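Working notes, beginning with the structure itself.
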Amino acid sequence: QLQIVESGGGLVQSGGSLRLSCAASGFTLDSSAIGWFRQAPGKEREGVSCISRGGVKNADSVKGRVTVSLDNAKNTVFLQMDSLKPEDTAVYYCAVVPFRVFCVLTESGYVYWGQGTQVTVSS
């Protein structure tokens with residue numbers, strides 16, 4: 001059974017940190033591209049970060065404040081978010097493109113999606 005589950009969201013003060021997790025079952029992530037996307041109320045979904053065998057790509061809006069990593073043993077991708085701002089408030093989604101080498105920050109091609117985890121950053 002194929003499944004992706006995000007976790008780690010919550011309420012944090014401006015300037016604080018969170019680490020989001022993306023755990024997969026039914027398939028392996030080590031030959032995939034794994035993207036993080038977010039959607040705030042009334043806004044379009046946007047790409048945040050991606051990791052693949054070919055490297056890492058981060059959006060300009062979060063560059064320098066996020067670190068994405070893959071734990072092969074746990075089949076889990078992590079998104080470390082530091083220096084959080086109120087404008088980072090959104091539902092964060094993990095998505096996967098199996099057997100892809102290079103990252104993109106657009107939704108096209110991502111076929112597996114998690115349910116999302118809420119991140120709220122207070123002023």
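Computation of the quantities below employed the complete heavy-atom set of this structure, encompassing side-chain atoms and omitting hydrogens, waters and symmetry-equivalent molecules. Note that the coordinates shown come from a computational prediction; the quantities given were computed from them, not determined experimentally.
Taken to the nearest 0.5 Å, the CG atom of Leu20 stands 7.5 Å off from the OH atom of Tyr92. Summarising the geometry, atom CG belonging to Leu70 is positioned 9.5 Å from atom SG belonging to Cys22; distances are rounded to the nearest 0.5 Å. To the nearest 0.5 Å, the span separating CZ on Phe37 from CD on Glu44 amounts to 13.0 Å. Once rounded to the nearest 0.5 Å, the distance linking CD of Glu46 with OG of Ser61 reads 5.0 Å. The OG atom of Ser83 sits 7.0 Å away from atom CZ of Arg65, with the distance rounded to the nearest 0.5 Å. Taking CG of Asp88 as the start and OG of Ser14 as the end, the distance is 8.5 Å to the nearest 0.5 Å.
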Item to check | Evaluation steps, salt bridge (charged side-chain N to carboxylate O under 4.0 Å, His left out), between Asp60 and Lys63 | outcome: CA-CA 5 Å; Asp60 290 340; Lys63 194 166 296 182; 3.2 Å; yes

Item to check | From CA spacing to verdict: side chain to side chain contact (heavy atoms under 4.5 Å, CB included), Tyr110, Cys50 | outcome: CA-CA 11 Å; Tyr110 287 93; Cys50 178; 3.4 Å; yes

Item to check | Residue pair Thr89, Gln118: steps toward the side chain to side chain contact (heavy atoms under 4.5 Å, CB included) verdict | outcome: CA-CA 8 Å; Thr89 296; Gln118 176 71 50; 4.1 Å; yes

Next on the checklist: Pair Ser7, Thr117 - check side chain to side chain contact (heavy atoms under 4.5 Å, CB included), show working.
Outcome noted: CA-CA 6 Å; Ser7 62; Thr117 185; 5.5 Å; no

Next on the checklist: Pair Trp36, Val66 - check side chain to side chain contact (heavy atoms under 4.5 Å, CB included), show working.
Outcome noted: CA-CA 11 Å; Trp36 286 95; Val66 302; over 6 Å; no

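Looking at Glu6, its side chain does come within 3.5 Å of a backbone N or O of Cys94 through a donor-acceptor pair. With hydrogens and angles ignored, the 3.5 Å screen pairs a side-chain donor or acceptor of Ser52 with a backbone N or O of Val101. No donor-acceptor distance shorter than 3.5 angstrom exists from the side chain of Arg100 to the backbone of Val96, with no hydrogens or angles considered.
For Arg45 and Trp113, the positive end sits near the middle of the six-membered ring, less than 6.0 Å away and at most 45° from its axis. A cation-pi arrangement is absent between Arg38 and Tyr93 under the rule of less than 6.0 angstrom and at most 45 degrees off the ring axis.
Looking at Asn75 and Thr28, their side chains come closer than 4.5 Å, going by heavy atoms from C-beta outward. Looking only at side-chain heavy atoms (C-beta outward), Leu105 and Val48 stay at 4.5 Å or farther from each other.
Linking Ile, Leu, Val, Met, Phe, Trp and Tyr residues whenever their side-chain heavy atoms come within less than 4.5 Å places Val111 and Leu29 in a single cluster.
Under the 3.5 Å distance criterion, with hydrogens and angles disregarded, no donor-acceptor pair is assigned to the side chains of Thr76 and Asp71.
Each of Ser69, Ser49, Ser21 was evaluated against Leu79; a single residue qualifies, Ser49, per the side chain to side chain contact (heavy atoms under 4.5 Å, CB included) test.
Heavy atoms from other residues, nucleotides or ligands lying under 6.0 Å from CD of Gln115 number more than 12.
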